Amino acid sequence: MAGRITFTIIKPGAVQNEHIGPILGKIAEAGFHIAGMKMVQLSRNEAQNFYCIHEDKPFFGELVEFMVSGPIVVALLEKDNAVEDFRKLIGSTDPKKAEPGTIRHMFAQSIQANAVHGSDSDENAIKESEYFFAGYEKFYKDKGGCLQGSMQ
Ligand code: UDP
Ligand code: MG
């Protein structure tokens with residue numbers, strides 16, 4: 001069964017251009033509960049670790065520089081089928097290929113500055129949310145028999 005959590009980042013660029021409110025509006029409209037949220041400034045080391053899966057890609061260095069270029073908003077989102085539904089809501093990595101109405105189509109500036117991150121699997125959703133949120137920062141709507149603060 002698909003998991004109920006996913007993790008997102010509103011990236012620099014979208015924060016800089018005052019898109020936090022409109023992006024959160026789209027997320028709420030799509031039926032996601034915000035179970036955790038904060039604004040943070042990543043260090044280079046933190047950005048490298050978050051995107052370590054891409055460390056061999058040619059865009060890695062520039063991606064890290066972009067991710068530390070200003071504050072970001074990180075959020076833990078809760079909904080049935082969260083990972084897949086959120087990936088649909090944000091659209092393709094390259095905003096030129098993103099469907100009209102998707103968050104990236106509406107708010108991305110480029111393939112790098114593409115407004116938002118969305119986890120690509122249940123396993124990564126848990127890993128990524130644990131990278132940014134302690135148990136006492138998580139407020140799930142559906143505790144569903146799980147320990148408060150953990151959806152595992
Ligand atoms: N990215 C980039 N250039 C590329 C591909 C990706 O700068 O050619 C950046 C972009 O910000 C993207 C992130 O690297 O969101 C992670 O890439 P991934 O392929 O995982 O895309 P996503 O899962 O974010 O859609
Ligand atoms: Mg990805």
Side-chain angles (χ1 to χ4, degrees), residues 1-134 137-138 140 150-152:
M1 200 183 74
R4 281 184 53 80
I5 70 154
T6 193
F7 171 81
T8 189
I9 299 177
I10 303 178
K11 298 184 182 182
V15 171
Q16 183 73 28
N17 290 321
E18 307 301 350
H19 292 147
I20 297 173
I23 289 172
L24 291 178
K26 292 281 294 175
I27 291 172
E29 207 176 273
F32 289 88
H33 167 68
I34 297 171
M37 188 166 67
K38 58 191 171 186
M39 186 183 261
V40 298
Q41 169 68 54
L42 291 181
S43 68
R44 251 177 211 95
N45 191 40
E46 287 161 346
Q48 282 166 352
N49 289 344
F50 182 78
Y51 275 123
C52 66
I53 194 162
H54 294 304
E55 67 188 351
D56 296 331
K57 307 267 171 66
F59 59 79
F60 181 69
E62 283 185 13
L63 174 61
V64 168
E65 289 312 304
F66 167 64
M67 291 303 292
V68 303
S69 68
I72 60 174
V73 173
V74 294
L76 172 57
L77 305 176
E78 182 185 4
K79 181 186 179 296
D80 282 343
N81 203 36
V83 166
E84 193 186 341
D85 287 2
F86 192 71
R87 293 290 303 201
K88 277 191 199 140
L89 178 66
I90 67 178
S92 299
T93 308
D94 181 353
K96 289 194 207 105
K97 295 179 189 153
E99 293 285 320
T102 60
I103 290 176
R104 282 170 166 168
H105 186 267
M106 293 173 80
F107 301 111
Q109 300 156 286
S110 65
I111 191 166
Q112 176 188 78
N114 60 359
V116 284
H117 167 80
S119 306
D120 62 6
S121 66
D122 291 342
E123 190 191 350
N124 284 337
I126 290 166
K127 272 194 208 163
E128 291 168 1
S129 55
E130 288 188 346
Y131 192 62
F132 285 99
F133 293 103
E137 296 172 301
K138 299 175 186 175
Y140 295 114
S150 171
M151 287 289 269
Q152 286 178 78

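Just so you know, ligand 1 is whichever comes first in the structure, and atom 1 is the first atom listed for that ligand. None of these values were measured; they are calculated from a predicted model.
With a heavy-atom cut-off of 4.0 Å, K57 does not touch ligand 1 at all. When non-hydrogen atoms are compared, ligand 1 lies under 4.0 Å from neither the backbone nor the side chain of M67.
Classified by interplanar angle (parallel below 30°, tilted 30° to 60°, perpendicular above 60°), the ring pair F59/H54 is tilted. The aromatic rings of F50 and Y131 sit tilted, their planes meeting at an angle between 30° and 60°.
Close to ligand 1: K11, with a non-hydrogen atom less than 4.0 angstrom away. Heavy-atom distances between L63 and ligand 1 reach below 4.0 Å in at least one pair.
Relative to atom 10 (C) of ligand 1, the option among I9, I53, I111 with the closest non-hydrogen atom is I111. The closest heavy-atom contact to atom 4 (C) of ligand 1, among the options F66, F59, F50, Y51, comes from F59. Closest heavy-atom approach to atom 21 (O) of ligand 1 among the candidates N124, T93, D94: T93.
For the pair K138 and F133, the NZ or CZ position fails the cation-pi test of under 6.0 Å to the six-membered ring centre and within 45 degrees of the ring normal.
Looking at E46 and S43, their side chains do bring a donor and an acceptor atom within 3.5 Å of each other.
Every N/O-N/O distance between H117 and ligand 1 stays at or above 3.5 Å.
Under a cut-off of 6.0 angstrom, the local environment of NZ in K38 is crowded, with over 12 non-hydrogen atoms contributed by other residues, nucleotides or ligands. The environment of Q16 atom CD is sparse: at most 12 non-hydrogen atoms of other residues, nucleotides or ligands sit within 6.0 angstrom.
In summary, the atoms of ligand 1 found under 4.0 Å from a heavy atom of N114, numbered by their order in the structure, are 10 (C), 11 (O), 12 (C), 15 (O). Contact atoms of ligand 1 toward R87: 22 (P), 23 (O), 25 (O) (distance under 4.0 Å to a heavy atom of the residue).
Summary of contacts: the protein heavy atom closest to atom 24 (O) of ligand 1 is R104 NH2, 3.0 Å. Scanning the protein heavy atoms around atom 18 (P) of ligand 1, the nearest turns out to be H54 NE2, 3.5 Å.
The aromatic ring centroids of F60 and Y51 lie 6.0 Å or more from each other.
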Quick one: do R44 and E65 satisfy salt bridge (charged side-chain N to carboxylate O under 4.0 Å, His left out)? Show the steps, please. CA-CA 7 Å; R44 251 177 211 95; E65 289 312 304; 2.8 Å; yes
